[in-house]
Amino acid sequence: MGSVDRAATGELLILAGGETEPVAELLAELGSVTRCGEVGTGASLKLVLISAVIGGVALVAESLRLAAALGLPASLTRASLEASPVGGLGGRAFATEAYFPVELAAKDVALATGVGGCRCWRRCGGVGGAGGSCRGGPVGLRD
């Protein structure tokens with residue numbers, strides 16, 4: 001997880017499913033590797049984490065709206081959010097260097113909610129079966 005900036009500095013969080021040994025050195029140059037299990041589990045975990053980040057950024061936005069409605073200075077609110085337990089979310093919400101356009105977030109949310117087909121990444125790679133139905137069923141039924 002991360003953007004071009006984190007890839008350039010070797011700070012990506014890489015969520016890897018399947019056999020990683022053949023590419024272990026390359027992955028280590030890009031960042032820290034979390035081995036997730038069988039093929040597809042890294043993609044599944046990415047959807048979970050992205051969903052949490054998107055929700056968190058929305059929470060920060062709503063908190064900023066509340067602060068403005070209460071007449072609090074924006075600079076005080078931002079500094080306080082960044083120093084609070086939600087500081088990591090504030091960092092993401094206020095980032096200017098990261099590249100994660102709304103279109104990519106929408107794609108991940110659609111995948112996570114099963115819009116347009118299968119949600120069972122581990123069984124069919126997210127492509128579903130004939131007619132968009134997956135032979136494995138929704139995530140969680142057999143996990």
Side-chain angles (χ1 to χ4, degrees), residues 1-68 72-143:
M1 299 219 8
S3 191
V4 175
D5 58 331
R6 293 187 73 182
T9 59
E11 298 177 51
L12 286 175
L13 170 59
I14 300 165
L15 308 170
E19 179 57 45
T20 60
E21 280 308 311
V23 292
E25 284 186 44
L26 173 63
L27 293 177
E29 288 183 31
L30 296 172
S32 63
V33 179
T34 300
R35 289 181 174 82
C36 300
E38 63 188 68
V39 172
T41 55
S44 294
L45 183 55
K46 176 190 178 257
L47 291 178
V48 170
L49 298 179
I50 290 292
S51 295
V53 169
I54 291 168
V57 169
L59 179 63
V60 169
E62 289 300 318
S63 297
L64 291 170
R65 288 185 60 197
L66 174 61
L72 294 170
S75 59
L76 172 66
T77 302
R78 179 176 172 165
S80 298
L81 282 168
E82 289 176 336
S84 79
V86 298
L89 294 172
R92 172 53 86 182
F94 302 126
T96 58
E97 300 297 319
Y99 179 74
F100 191 67
V102 171
E103 292 82 11
L104 291 179
K107 175 211 40 123
D108 287 338
V109 169
L111 288 171
T113 59
V115 173
C118 171
R119 298 186 299 146
C120 84
W121 283 90
R122 293 199 284 192
R123 288 177 282 286
C124 76
V127 296
S133 63
C134 173
R135 65 189 175 282
V139 170
L141 290 181
R142 295 186 354 197
D143 293 340

>> Side chains of Thr34 and Ile14, heavy atoms from C-beta outward: is any pair under 4.5 Å?
In response: no
> Ion pair present between Arg35 and Glu21, side-chain N to carboxylate O less than 4.0 angstrom?
Replying inline: yes
> Looking only at heavy atoms, which two atoms of Leu45 and Cys36 are closest? And how far apart?
Replying inline: CD2-SG, 3.8 Å
>> Measuring from atom CG of Asp108 to atom NZ of Lys46, what distance do you get when rounded to the nearest 0.5 angstrom?
In response: 3.5 Å
> Which value, rounded to the nearest 0.5 Å, describes the distance between Lys107 atom NZ and Ile50 atom CD1?
Replying inline: 8.0 Å
>> Tell me whether Thr41 contacts the main-chain N or O of Glu38 through its side chain, where contact means a donor paired with an acceptor under 3.5 Å.
In response: yes
> Are Leu15 and Leu49 close enough, and set up right, to give a side chain to side chain contact (heavy atoms under 4.5 Å, CB included), and what steps lead you there?
Replying inline: CA-CA 10 Å; Leu15 308 170; Leu49 298 179; 3.8 Å; yes
>> Once rounded to the nearest 0.5 Å, what's the spacing between atom CG of Leu12 and atom CG of Leu27?
In response: 10.0 Å
> Rounded to the nearest 0.5 Å, what separation is found between the CZ atom of Arg78 and the OG atom of Ser80?
Replying inline: 12.0 Å
> Minimum heavy-atom separation for Val33 to Ala28, with atom names?
Replying inline: CG2-N, 4.4 Å
> Is there a side-chain contact between Glu19 and Val39 (heavy atoms, below 4.5 Å)?
Replying inline: no
> Atom OG1 in Thr20, atom CG in Leu26: separation rounded to 0.5 Å?
Replying inline: 11.5 Å
